[in-house]
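To start, the structure itself, in structure tokens.
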Amino acid sequence: MKQVQQEDAYVQLARQTIEQYVRTGTKLAVPDGLPQELYTKRAGAFVSVKEHGQLRGCIGTICAVQDFLAEEIISNAISAAAKDPRFVPIRQDELDKLTIHVDVLGEMEPIQSLSQLDVKRYGVVVTKGCRRGLLLPDLEGVDTPSDQVAIAKQKAGIGQEEDVQLERFEVVRHI
């Protein structure tokens, strides 16, 4: 649990949410004493959970769906811990082994080509009709914009040869 003392308020909120949900099955009420932005800002946010460096859950929203950022983080933390279809729900005996990150998404910006992407700086959203896929920036193993777009297409069920609309965004990563 050494990393917990170094976590910022965004990650602490996600951790408290996950711990309460896993232990009791109840949703954390928005606590007092958080940074003001968490009560006033609306933004998409992703909560990523890893155990021993391996992804254990990651769920987020491209745009805000809750009234403010603290609620967005709480909702997505529960989903990342218990509702990511790629993983079984997190168990109590795993709680002390988790590393959690919270990414707060900036505004989406339409782009025309891969040359406008930088995998370290920008995340990408690909859209084809009603199918939409997102990949966060600065992910291990994602080294080129074409890798980034290919993975986002795969996540959205879009064929690799299909043309898509591209958008990029920056994140503020909380660890």
Side-chain angles (χ1 to χ4, degrees), residues 3 7-8 10-11 13-15 17-18 21-22 41-66 69 71-91 94 97-175:
Q3 78 272 12
E7 292 174 342
D8 76 5
Y10 296 71
V11 176
L13 177 61
R15 182 176 296 281
T17 299
I18 290 168
Y21 190 81
V22 169
K41 182 176 181 172
R42 296 190 76 225
F46 274 73
V47 176
S48 303
V49 183
K50 291 185 176 181
E51 183 178 344
H52 303 299
Q54 299 299 309
L55 188 63
R56 192 62 183 79
C58 180
I59 298 286
T61 46
I62 295 174
C63 302
V65 296
Q66 303 296 328
L69 192 50
E71 291 179 334
E72 202 81 32
I73 292 169
I74 288 169
S75 176
N76 293 338
I78 290 170
S79 293
K83 300 175 184 175
D84 187 328
R86 300 170 292 179
F87 304 97
V88 297
I90 290 172
R91 302 177 315 273
E94 296 175 279
K97 304 170 193 163
L98 302 179
T99 302
I100 301 168
H101 295 158
V102 175
D103 289 307
V104 179
L105 279 60
E107 294 295 318
M108 298 293 149
E109 177 185 7
I111 59 172
Q112 304 309 312
S113 73
L114 296 181
S115 66
Q116 295 175 281
L117 287 173
D118 173 341
V119 297
K120 297 293 184 193
R121 179 177 178 186
Y122 296 110
V124 67
V125 174
V126 298
T127 305
K128 176 77 174 186
C130 63
R131 295 173 292 167
R132 202 169 191 201
L134 176 144
L135 199 66
L136 294 169
D138 200 19
L139 297 177
E140 188 176 326
V142 181
D143 301 318
T144 67
S146 56
D147 291 345
Q148 193 178 35
V149 169
I151 295 167
K153 282 181 170 182
Q154 181 183 24
K155 290 174 73 175
I158 298 170
Q160 292 303 314
E161 302 306 315
E162 291 186 70
D163 288 331
V164 292
Q165 293 177 322
L166 296 172
E167 294 173 283
R168 70 181 184 185
F169 60 92
E170 293 182 282
V171 301
V172 176
R173 180 160 288 157
H174 297 271
I175 56 175

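What you are looking at is a predicted structure, and each value in this text was computed from that prediction instead of being measured.
The CZ atom of R56 sits 9.0 Å away from the CG atom of D84 when rounded to the nearest 0.5 Å. Note that NZ of K50 is 8.0 Å distant from OG1 of T99, once rounded to the nearest 0.5 Å. Expressed to the nearest 0.5 Å, how far NE2 of H101 lies from CG of D8 amounts to 10.0 Å. In this structure, the separation between CZ on R15 and CD1 on I100 is 4.0 Å, given to the nearest 0.5 Å. Remark: I175 CD1 to E7 CD distance equals 9.5 Å, nearest 0.5 Å. One distance of note links CD of E170 with CG of D138; it measures 12.0 Å at 0.5 Å rounding.
With sequence neighbours excluded, the residues satisfying side chain to side chain contact (heavy atoms under 4.5 Å, CB included) with Q160 are A150, K153, Q154. For the side-chain hydrogen bond (donor to acceptor under 3.5 Å, both in side chains) test, no residue two or more places apart in sequence or in another chain qualifies with R42. With sequence neighbours excluded, the residues forming a side chain to side chain contact (heavy atoms under 4.5 Å, CB included) with V65 are T61, E72, listed by chain and number. For Q165, the side chain to side chain contact (heavy atoms under 4.5 Å, CB included) test picks out T127, with sequence neighbours left out. Remark: D147 engages V142, D143, T144 in a side chain to side chain contact (heavy atoms under 4.5 Å, CB included) (not counting sequence neighbours).
Remark: side-chain polar atoms of E162 are paired, donor with acceptor, to backbone N or O of G159 under 3.5 angstrom. Checking side-chain atoms of R86 against main-chain N and O of C58 turns up a donor-acceptor pair under 3.5 Å. With hydrogens and angles disregarded, no donor-acceptor distance shorter than 3.5 Å links the side chain of K83 to the backbone of I78. A distance-only check finds a donor-acceptor pair linking the side chain of N76 to the backbone of A45 [under 3.5 Å]. Distance alone, capped at 3.5 Å, places no donor-acceptor pair between the S75 side chain and the E71 backbone.
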Derivation and outcome, side chain to side chain contact (heavy atoms under 4.5 Å, CB included), residues Q66 and I73: CA-CA 9 Å; Q66 303 296 328; I73 292 169; over 6 Å; no
message: With side chain to side chain contact (heavy atoms under 4.5 Å, CB included) as the criterion, how do F169 and L134 come out once you've worked through the C-alpha distance, each side chain's angles and the decisive distance to 0.1 Å?
response: CA-CA 10 Å; F169 60 92; L134 176 144; 3.7 Å; yes
query: Can you list the steps and then say if K155 with L135 is a side chain to side chain contact (heavy atoms under 4.5 Å, CB included)?
result: CA-CA 9 Å; K155 290 174 73 175; L135 199 66; 4.2 Å; yes
- request: Decide yes or no on side chain to side chain contact (heavy atoms under 4.5 Å, CB included) for V149 and L117, but give the supporting numbers first.
  value: CA-CA 10 Å; V149 169; L117 287 173; 3.9 Å; yes
Considering only distance and modelled atom types, tabulate donor-acceptor pairs under 3.5 Å from the side chains of residues 102-111, sequence neighbours left out.
residue: D103; atom: OD1; partner: R173; partner atom: NE; Å: 2.6
residue: D103; atom: OD2; partner: R173; partner atom: NE; Å: 3.4
residue: D103; atom: OD2; partner: R173; partner atom: NH2; Å: 3.3
residue: E109; atom: OE1; partner: R168; partner atom: NE; Å: 3.0
residue: E109; atom: OE1; partner: R168; partner atom: NH2; Å: 3.3
residue: E109; atom: OE2; partner: R168; partner atom: NH2; Å: 3.2

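Remark: R91 engages E94 in a salt bridge, criterion side-chain N to carboxylate O under 4.0 Å. Using a cut-off of 4.0 Å between Lys/Arg side-chain N and Asp/Glu carboxylate O, R132 and E167 are scored as salt-bridged.
More than 12 heavy-atom neighbours from other residues, nucleotides or ligands sit within 6.0 angstrom of CG on L114.
In this structure the side chain of L166 reaches within 4.5 angstrom of the side chain of V124, judged on heavy atoms.
Across all their heavy atoms, A82 and P89 have their closest contact at O-CG, 3.7 Å. The two atoms that bring Y10 and L69 nearest to each other are CE2-CD2, 3.9 Å, heavy atoms only. When all heavy atoms of A64 and A43 are compared, the closest pair comes out as CB-N, 3.5 Å.
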